[in-house]
Peer 1: 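Following this message is one structure expressed as structure tokens.
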Amino acid sequence: DVKVTQSSRYLVKRTGEKVFLECVQDMDHENMFWYRQDPGLGLRLIYFSYDVKMKEKGDIPEGYSVSREKKERFSLILESASTNQTSMYLCASSSGTGGSPLHFGNGTRLTVT
Amino acid sequence: GQNIDQPTEMTATEGAIVQINCTYQTSGFNGLFWYQQHAGEAPTFLSYNVLDGLEEKGRFSSFLSRSKGYSYLLLKELQMKDSASYLCALPKKRGYSTLTFGKGTMLLVSP
């Protein structure tokens, strides 16, 4: 079974802090993704990566950056957290080709105060 | 761009059959996914349709009509544990697993 692990289940940060959300997958998947999920807005793609050291912007990249130094690890960085970044963050991975399902981590609920 | 529409909420009774609809607009069709998400949990993969027709997988079936831009998820013999959000999703482009998700349909199954 694919396992996608997000380092924190809950996080509370202050406005202006730099925040790191970590995600690790154990299935040697090429593709990794960061989504955020908000009531009434659904899942929205922030950033994704198809290979080590490669990254591409999703639909809502503003205020975020990512890092993929190793194949199994994909980090989401909030350079200066703001209250509108309070959300559920979901990491996912997939094996690569079209039709491959996404495997999600359990999510990190981030609150920025 | 892509657009996906699903009803926001549905209710049904234990043991019944329910159909959750998804209509979509996309410039190039590369398959359609359905995911299930229980409250407070991660979405989990249910089905992937790329050809027209009905695909059955136990109590769950998924139907696709590419000409109509329409899909549905059919849940039979409903159980309380089927209470969840059901998400319809489209690949953003051919050969890639980046998905655009609909806002989801919250299904409540009552006794």
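Naming convention: chains lettered A, B, ... in sequence-line order (proteins, then strands); numbering from 1 in each chain.
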Peer 1: Test of understanding: clusters of I, L, V, M, F, W, Y form through side-chain heavy atoms closer than 4.5 Å, transitively. Do B/Leu46 and B/Met10 belong to the same one?
Peer 2: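 B/Leu46 clusters together with B/Met10.
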Peer 1: For chain A, which residues of residues 98-111 of chain B have at least one non-hydrogen atom nearer than 4.5 Å to it?
Peer 2: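 Within residues 98-111 of chain B, the residues under 4.5 Å from chain A are B/Thr98, B/Leu99, B/Phe101, B/Lys103.
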Peer 1: Are there residues of residues 60-68 of chain A that reach to under 4.5 Å of chain B by heavy atoms, and which ones?
Peer 2: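 If one takes a 4.5 Å heavy-atom cut-off, no residue of residues 60-68 of chain A lies near chain B.
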Peer 1: Is A/Leu76 reachable from A/Met32 through a run of I, L, V, M, F, W or Y residues, each pair having side-chain heavy atoms under 4.5 Å apart?
Peer 2: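 Same cluster.
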Peer 1: Can you confirm whether more than 12 heavy atoms, excluding those of A/Lys70, are under 6.0 Å from its NZ atom?
Peer 2: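 No, not enclosed.
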Peer 1: Does CZ in B/Arg66 sit with more than 12 non-hydrogen atoms of other residues, nucleotides or ligands closer than 6.0 Å?
Peer 2: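 Yes - once you tally the heavy atoms of other residues, nucleotides and ligands closer than 6.0 Å, there are more than 12.
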Peer 1: Please say yes or no: joined through hydrophobic side-chain contacts below 4.5 Å, possibly via intermediate residues, are B/Phe63 and B/Tyr86 part of one cluster?
Peer 2: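 Different hydrophobic clusters.
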Peer 1: Which pair of non-hydrogen atoms, one from B/Ala42 and one from A/Phe104, has the smallest distance, and what is that distance?
Peer 2: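 B/Ala42 and A/Phe104 have their closest heavy atoms at CB-CB, 3.7 Å.
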Peer 1: Treating Ile, Leu, Val, Met, Phe, Trp and Tyr as nodes and any side-chain heavy-atom pair under 4.5 angstrom as an edge, say whether A/Val4 and A/Ile46 lie in one connected cluster.
Peer 2: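 Different clusters.
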Peer 1: Tell me, side chain or backbone of A/Leu45 under 4.5 Å from chain B's heavy atoms, or both, or neither?
Peer 2: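 Only the side chain of A/Leu45 comes within 4.5 Å of chain B.
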Peer 1: Tell me whether B/Val18 is reachable from B/Leu74 by hopping between hydrophobic residues (I, L, V, M, F, W, Y) whose side-chain heavy atoms are closer than 4.5 Å.
Peer 2: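 No, separate clusters.
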Peer 1: Taking atom CZ of B/Phe45 and atom OG of A/Ser94, what is their separation to the nearest 0.5 Å?
Peer 2: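 B/Phe45 atom CZ to A/Ser94 atom OG measures 11.5 Å (nearest 0.5 Å).
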Peer 1: Return the option, out of B/Pro43, B/Gly40, B/Gly31, with the maximum number of heavy-atom pairs under 4.5 Å with chain A.
Peer 2: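 The option with the most such pairs is B/Pro43.
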Peer 1: To the nearest 0.5 Å, what is the distance between CG on A/Leu102 and OH on B/Tyr35?
Peer 2: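 Rounded to the nearest 0.5 Å, the CG-OH separation comes out at 4.0 Å.
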Peer 1: Side chain, backbone, both or neither: which part of A/Gln37 has a heavy atom under 4.5 Å from chain B?
Peer 2: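 Side chain only.
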Peer 1: Does atom CD (B/Gln19) have a neighbourhood of more than 12 heavy atoms from anything else shown, all under 6.0 Å?
Peer 2: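 Enclosed.
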Peer 1: With only heavy atoms counted, which part of B/Leu87 is less than 4.5 Å from chain A, the side chain, the backbone, both or neither?
Peer 2: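 Side chain only.
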